[in-house]
Amino acid sequence: MIRVLIADDQPLVRRGLALILGPDPEFEVVGEAEDGARAVALARELRPDVVVMDIRMPVLDGVQATAELARTLPDARVLALSTFDMDEYVVAALRAGAYGFLPKDVSPEELGAAVRTVHGGEAVVAPRLLTRLLSAYVRTPAPARPAAAAAAAAPADMTPREREIWQLLATGLDNAEIAAALDISVSTVKNHITGIFGKLGVRDRAQAVIAAYESGLVEAGCGSG
């Protein structure tokens, strides 16, 4: 059973999320918090597996609460939710340590699937948000860098093959598509990606995408389309 803590400053939203997840025998809603500070306190007390975290809350906002949980309770994985699915919120939540980001208008089925995915240690971002993140990333991107500068920004111990896979990953390809593009096995791609995450110091694909844009490896508008 996946233990879930719900954090949202609106009582009706909290109750609605609890009513969506509660009846499923796979989930146990262990608590509800009305702000980020209370979410952190309850997480420390209740030790949930997943925290469904609203981004805009009083006292301590969802991004700050996520960062605190990532630092002190890394096993409590955060799934961020927001009515405002602006790019900067998505990036801020993922940078803070959230395992996923969904808009609040997702279906009950999508919410349940996302909680399961996050609990399993994988990143999940709503497709429309990920597409925007890949194609635009930030509203005012950093000045374009020459290829040599982008290569220099990669970790020194990253191999040319790892850099190639990182770039394909950042443009939106999944493991099977990367394997087909490079004519290698999916298991080989997975092994390389594990190494890439370690060298970048990131936890998942979403953070690797952010790192690729920030390094200049991938430019805004270079998504897979």
Side-chain angles (χ1 to χ4, degrees), residues 1-133 203-207 209-210:
M1 185 173 287
I2 301 172
R3 293 166 53 82
V4 181
L5 172 66
I6 296 170
D8 196 291
D9 62 333
Q10 299 182 41
L12 285 178
V13 173
R14 293 199 304 272
R15 180 49 36 198
L17 293 171
L19 289 174
I20 289 171
L21 296 173
D24 190 319
E26 193 171 354
F27 303 126
E28 178 187 4
V29 177
V30 296
E32 299 179 18
E34 67 277 10
D35 58 60
R38 181 63 175 157
V40 172
L42 279 180
R44 289 171 175 161
E45 175 186 345
L46 301 172
R47 302 287 168 156
D49 300 306
V50 176
V51 180
V52 178
M53 181 86 73
D54 185 26
I55 289 298
R56 292 167 61 95
M57 289 188 293
V59 185
L60 192 70
D61 68 29
V63 172
Q64 293 172 302
T66 295
E68 180 64 16
L69 290 177
R71 185 179 67 83
T72 61
L73 288 176
D75 289 339
R77 292 165 176 158
V78 174
L79 173 61
L81 296 182
S82 181
T83 304
F84 307 93
D85 58 355
M86 293 186 290
D87 297 341
E88 55 265 34
Y89 289 170
V90 182
V91 173
L94 296 175
R95 278 181 175 152
Y99 272 72
F101 192 108
L102 295 178
K104 285 185 179 178
D105 61 359
V106 296
S107 69
E109 293 77 17
E110 289 172 319
L111 176 63
V115 172
R116 294 183 189 94
T117 299
V118 166
H119 177 252
E122 296 291 329
V124 57
V125 180
R128 77 175 189 243
L129 305 184
L130 184 57
T131 298
R132 267 209 329 262
L133 184 66
R203 189 193 57 226
D204 53 45
R205 298 176 83 93
Q207 292 186 347
V209 170
I210 291 174

Which heavy atom of [X] sits nearest a heavy atom of [Y], and at what distance?
X	Y	value
Ala7	Ala39	CB-CB, 3.7 Å
Ala96	Val63	CB-O, 3.5 Å
Phe101	Ala93	CD1-CB, 3.7 Å
Pro48	Val30	CB-CG2, 4.2 Å
Ala18	Pro23	O-CD, 4.0 Å
Ala43	Leu5	N-CD2, 3.8 Å

Side chains of [X] and [Y]: does their closest heavy-atom pair fall under 4.5 Å?
X	Y	value
Gln10	Asp54	no
Leu60	Asp35	no
Glu45	Leu42	yes

So, using side chain to side chain contact (heavy atoms under 4.5 Å, CB included) as the criterion, who are the partners of [X] when residues are at least two apart?
X	result
Pro108	Ile20
Asp49	Ile2, Arg3, His119
Val106	Leu102, Pro103, Glu110, Leu111

Listed partners of [X] passing salt bridge (charged side-chain N to carboxylate O under 4.0 Å, His left out), at least two apart:
X	result
Glu34	none
Arg116	Asp24, Glu26
Arg14	Glu32

Test side-chain contact (heavy atoms from CB on, under 4.5 Å) on Leu81 and Val13; report intermediate values, then the result. CA-CA 11 Å; Leu81 296 182; Val13 173; over 6 Å; no
Got a second to check how far [X]'s [atom1] is from [Y]'s [atom2], nearest 0.5 Å?
X	Y	atom1	atom2	result
Asp75	Leu69	CG	CG	11.5 Å
Lys104	Thr83	NZ	OG1	4.0 Å
Ser82	Met53	OG	CE	13.0 Å

If we ignore hydrogens and angles and just use 3.5 Å, is the side chain of Arg77 paired with the main-chain N or O of Pro74 as donor and acceptor?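 Not a single qualifying donor-acceptor pair exists.
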Assess whether side-chain contact (heavy atoms from CB on, under 4.5 Å) is satisfied between Ile55 and Asp61, documenting all intermediate values. CA-CA 6 Å; Ile55 289 298; Asp61 68 29; 6.0 Å; no
Can you check side-chain contact (heavy atoms from CB on, under 4.5 Å) on Leu73 and Arg47, steps first, answer last? CA-CA 8 Å; Leu73 288 176; Arg47 302 287 168 156; 2.8 Å; yes
